[in-house]
Protein chains: 2
Amino acid sequence: MVVKLTYFAMSGLGDPIRLLLTFCKMEFEDIRIGRKEWEKLKPTLKLPHLPMLEVDGKTYFQGYAICRYLARKAGLNGSSEEEGLAIDATVDTLMDMIKKTVLDYYQPDSEERSKCLKASLEVTIPFYLNVFEKQLEENNGYFVAGKLTWADIVVLTLGTYLCGIFKVDILADFPKLKEHRQKISELPVIKEWLEKRPADPEDYRLL
Amino acid sequence: MVVKLTYFAMSGLGDPIRLLLTFCKMEFEDIRIGRKEWEKLKPTLKLPHLPMLEVDGKTYFQGYAICRYLARKAGLNGSSEEEGLAIDATVDTLMDMIKKTVLDYYQPDSEERSKCLKASLEVTIPFYLNVFEKQLEENNGYFVAGKLTWADIVVLTLGTYLCGIFKVDILADFPKLKEHRQKISELPVIKEWLEKRPADPEDYRLL
């Protein structure tokens, strides 16, 4: 199987995929592109966004769909249809939070941006993190069924990314989520991967 | 299995689920609520949105996650992991189109709204429908692998919903998509269900 991942030179939606590929023990080409390469590549693609996964010459878009595919291969998609549903719903809820907050971060008007960021940090993010905190409580420290699934991996990588964007430890008041981050990031495969991965550029907005 | 679906008294994100439940031959309680009931129900829920599916007393949110769960039960999720990925990616792309256009429809400012609607009808919708048209061409008249999957059902129900919102046949210039709508809506299970389902209220913005 020849596998290539194309994404920007940053974590964002790329890291959950890179980590899941590592979990699957799939060799892959990690193509990280800059702004100029993206401007050239974009008009040639079926859809105007990344990540893009190539498997044996066939290309696939949509980051979470790609994660779910890899999670199935890695045995991280739960062990019943109901667990699969609970995992998907968790990831979709995380995605809701990210869409509602990261979009604010990319607002062009700086006054509008700081107003939105304030609302993100004071209202939107605490609301969702409370939902997740309760979920960890009900599932013995994991998101679904008391065991590792791809929901844990997506929350770990995207949570870290959000902390980087907001320059705040958004998990400070959420002990279960902090404990979860610690526990998941110390799993051997993940620990090794986190130590090796390239750092994000300082200014995310360049890409 | 005791199954209850709670959604607004309209098609929107509810109809793909209702139709997939019918495909699974699962008996379910189709709870359709109005604005006043929603105001009472909302603060009691884990997440402030519908649809919500209850399976044997456990509740699940997130409409597309629920569709995927039912699609697996109905045998409509493809027959390989790659097909599953292609289906998920199609649905996520449809969701991108809907989010970019329906959100405009709900703009409070009426001048802003008509500007956004114009852009939706002239730019965003034709862009995505072109992508889908090509996909139908490459997959023998279906979205994935030349056979019926839940991507076809979601596109059918949400496509019809969009036509209702915009009061325009958005598929007019897309012969493959028109043929697809015709073919899918004439499948016996779907045809029977379409004839029986309640009509949407005229003013969607009430809910």
Side-chain angles (χ1 to χ4, degrees), chain A residues 1 3 13 17 24 45-49 51-75 77-78 80-97 99-100 103 124 127-128 130-132 134-135 138 144-145 151, chain B residues 1 3 13 17 24 45-49 51-74 77-78 80-97 99-100 103 124 127-128 130-135 138 144-145 151:
Chain A
M1 223 177 211
V3 179
L13 285 175
I17 299 176
C24 293
L45 300 180
K46 178 185 158 190
L47 288 168
H49 50 71
M52 172 174 81
L53 187 77
E54 208 180 306
V55 181
D56 290 336
K58 210 169 166 193
T59 54
Y60 299 94
F61 290 83
Q62 301 292 1
Y64 295 102
I66 294 170
C67 285
R68 186 177 302 108
Y69 164 73
L70 297 171
R72 273 190 231 121
K73 291 202 174 281
N77 198 36
S80 70
E81 283 160 0
E82 285 71 23
E83 286 180 17
L85 168 54
I87 295 167
D88 284 351
T90 304
V91 171
D92 286 354
T93 301
L94 176 73
M95 189 163 65
D96 284 348
M97 180 181 96
K99 287 203 172 150
K100 281 181 189 161
L103 285 184
T124 317
F127 171 80
Y128 282 103
N130 254 318
V131 170
F132 289 140
K134 273 188 208 137
Q135 201 173 329
E138 288 162 6
V144 177
Chain B
M1 222 176 211
V3 179
L13 285 173
I17 299 176
C24 292
L45 300 180
K46 177 185 160 192
L47 289 169
H49 49 71
M52 173 175 80
L53 187 76
E54 207 180 307
V55 181
D56 290 335
K58 213 172 161 189
T59 53
Y60 299 93
F61 290 83
Q62 300 292 1
Y64 295 103
I66 294 170
C67 284
R68 188 177 301 108
Y69 164 73
L70 297 171
R72 274 191 231 116
K73 291 204 174 279
N77 198 35
S80 71
E81 284 160 357
E82 285 70 24
E83 286 181 16
L85 167 54
I87 295 165
D88 284 352
T90 304
V91 172
D92 286 354
T93 301
L94 176 74
M95 190 163 64
D96 284 347
M97 179 181 98
K99 286 203 171 151
K100 283 180 188 162
L103 285 184
T124 317
F127 171 81
Y128 282 103
N130 253 317
V131 170
F132 289 140
E133 185 85 357
K134 272 187 207 136
Q135 199 173 330
E138 288 161 6
V144 177

*Pick from B:Tyr64, B:Tyr69, B:Tyr128: which one has the most heavy-atom pairs with chain A under 4.5 Å?*
B:Tyr69
*Return the option, out of B:Val55, B:Asp92, B:Val91, B:Leu47, with the maximum number of heavy-atom pairs under 4.5 Å with chain A.*
B:Asp92
*For the atom pair CG (B:Asn130) and NZ (A:Lys46), what is the distance rounded to the nearest 0.5 Å?*
12.0 Å
*asked:* Can you give me the closest heavy-atom contact between A:Pro48 and B:Phe127, atom names plus distance?
replied: CD-CZ, 3.7 Å
*Which atoms of A:Leu70 approach chain B - backbone, side chain, both or neither, heavy atom under 4.5 Å*: neither
*Nearest heavy atoms of B:Ala89 and A:Ala65, plus distance in Å*: N-CB, 3.8 Å
*asked:* Between B:Thr90 and chain A, with a heavy-atom cut-off of 4.5 Å, which part of the residue counts as in contact: side chain, backbone, both or neither?
replied: neither
*asked:* Could you measure the distance from the CE atom of A:Met95 to the CD atom of B:Gln62? Nearest 0.5 Å is fine.
replied: 7.0 Å
*Atom group of B:Tyr60 that falls short of 4.5 Å from chain A, counting heavy atoms*: side chain
*Can you name the one residue among A:Lys58, A:Lys73, A:Arg72 that meets salt bridge (Lys or Arg N to Asp or Glu O under 4.0 Å) with B:Glu82?*
A:Lys73
*asked:* Under a 4.5 Å cutoff for heavy-atom pairs, which residue among B:Ile87, B:Leu85, B:Asp88, B:Asp96 has the most contacts with chain A?
replied: B:Leu85
